[in-house]
Amino acid sequence: MNRYSKIIGTGSYFPSKVLTNKDLEKFVDTSDEWIVTRTGIRERRISEDKTVNEMAYEAAKAAIEDAQIEKEAIDGIIVATCTPDYLIPSVACYLQGKIGVKGPFAFDINAACSGFLYALAVGDSLIKNGLANNILIVGAEKLTSILNWKDRSTCVLLGDGAGAVVLSASEKPGIRSLILHADGEYTSLLECKAGGSAFLANRDNFDIENNLFKMKGNEVFKIAVRAMADVAVKAVEESGLRFDEIDFLIPHQANLRIIDAIAKRLSLDSDKVVVTLDKFGNTSAASIPTALDIARKSGKIKEGSNIVSAAFGGGLTWAAAVFTL
Ligand code: UT7
């Protein structure tokens, strides 16, 4: 009998505080018109009261309820984040404590915006190898905490939130293909050095502003369009499905122009593409699981839908997956 992994539940959480493009105009040299035309983003959420592990908990709780399993059935927790609350312990361990289960493995993964698909690949492998039956996989970020609010080229892009899935052993697929890539030649294109041991250890050089989130957006854009489209095409080819059997694209939500280019490469009309960045901006590792949850709960994506998902982020990292709900 074949052993696959399958997403059986989803959940998401966004903070209630909305920061619109018009709000940003009040304190940074930008305009609603520039942000909408260049990115598609209209507003984003800011977490004022919840930490990353608290947002992760809200999303995880919803995913467990949606999966209709007992929390005791979870035998592993993986959190994808590049904005953990602390260096130690991991967000995943805090989350395990909050859920109130003892024993399941728990660890974080940092592959920036590709983190959720990386975590899905690890979860899929653990399940296929028989090391776990039900893994909670979460993408959770508080990116607004690492932004330089004086840098208009980045502070208009990012937002906070968390998305979660329950990935379970199944006789039917499930996850059909997963491809992960990275290129360390491009580490300097997207970085946040503040908070790491090299930066904290060098206390004489506490130049926080210059070590918050930084991105050479234009260079990232050019690489992202090609890499994300190529990896998405390859993931479909390896999935065993034909291109015309793909029902939806759930891309990482960084820029509508990137999303449109990938949809075009896959010959998918706009009604087959899940877009949430207009309301939530780029939430890095949280963007794909939150988009998946929103699309499922709205009825757009149904049981049996074939989905291709692709992401791109700091590292540089990129990844794609094809799965059937
Ligand atoms: O999620 C992780 C992966 N990240 C991505 O995939 C992000 C990829 N990059 C992008 O999405 C786009 O490159 C950005 C949205 C970040 C920038 O858009 P762009 O079309 O590449 O603009 P640009 O950086 O080439 O800047 C064009 C102009 C510049 O002015 P000059 O030099 O032409 O006078 C910028 O200074 O736009 C200016 N600019 C702004 N103007 C108003 C940059 N940011 C802003 C802003 N408001 N917020």
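Hydrogens, waters and symmetry mates play no part in the numbers below; they use all other heavy atoms, side chains included. In what follows, residues are counted from 1 in the order of the sequence shown. Every number for a ligand or one of its atoms is a count from 1 in the order of the listing.
For atom 31 (P) of ligand 1, the nearest protein heavy atom is 4.0 Å or more away. Atom 15 (C) of ligand 1 lies below 4.0 Å from at least one non-hydrogen atom of the protein. In this structure, atom 34 (O) of ligand 1 has no protein heavy-atom contact shorter than 4.0 Å. Within a 4.0 Å radius of atom 23 (P) of ligand 1, the protein has at least one heavy atom. Counting protein heavy atoms under 4.0 angstrom from atom 41 (N) of ligand 1 gives one or more.
Under the 3.5 Å distance criterion, the side-chain polar atoms of Ser170 are left unmatched by any main-chain donor or acceptor of Gly174.
Contacts with ligand 1 closer than 4.0 Å are made by heavy atoms of both the backbone and the side chain of Thr30. Of all the heavy atoms of Asn218, the ones lying under 4.0 Å from any atom of ligand 1 are found in both the backbone and the side chain.
Side-chain contact check for Thr154 and Asp151: at least one donor-acceptor pair (N or O, by modelled atom type) lies under 3.5 Å. Side-chain contact annotation: Thr10 with Arg296, donor-acceptor N/O pair under 3.5 Å present.
The nearest non-hydrogen atom to atom 17 (C) of ligand 1, considering only Phe312, Phe221, Trp34, comes from Trp34. Proximity annotation for atom 6 (O) of ligand 1: of Ile258, Asn255, Leu158, Ile258 comes nearest, heavy atoms only. Atom 8 (C) of ligand 1 has its nearest heavy-atom neighbour, among Ala285, Ser114, Gly217, in Gly217.
At a 3.5 angstrom cut-off on N or O pairs, Ser31 does not count as close to ligand 1.
Between Phe14 and Phe280, the two ring planes are parallel [angle under 30°; tilted spans 30° to 60°].
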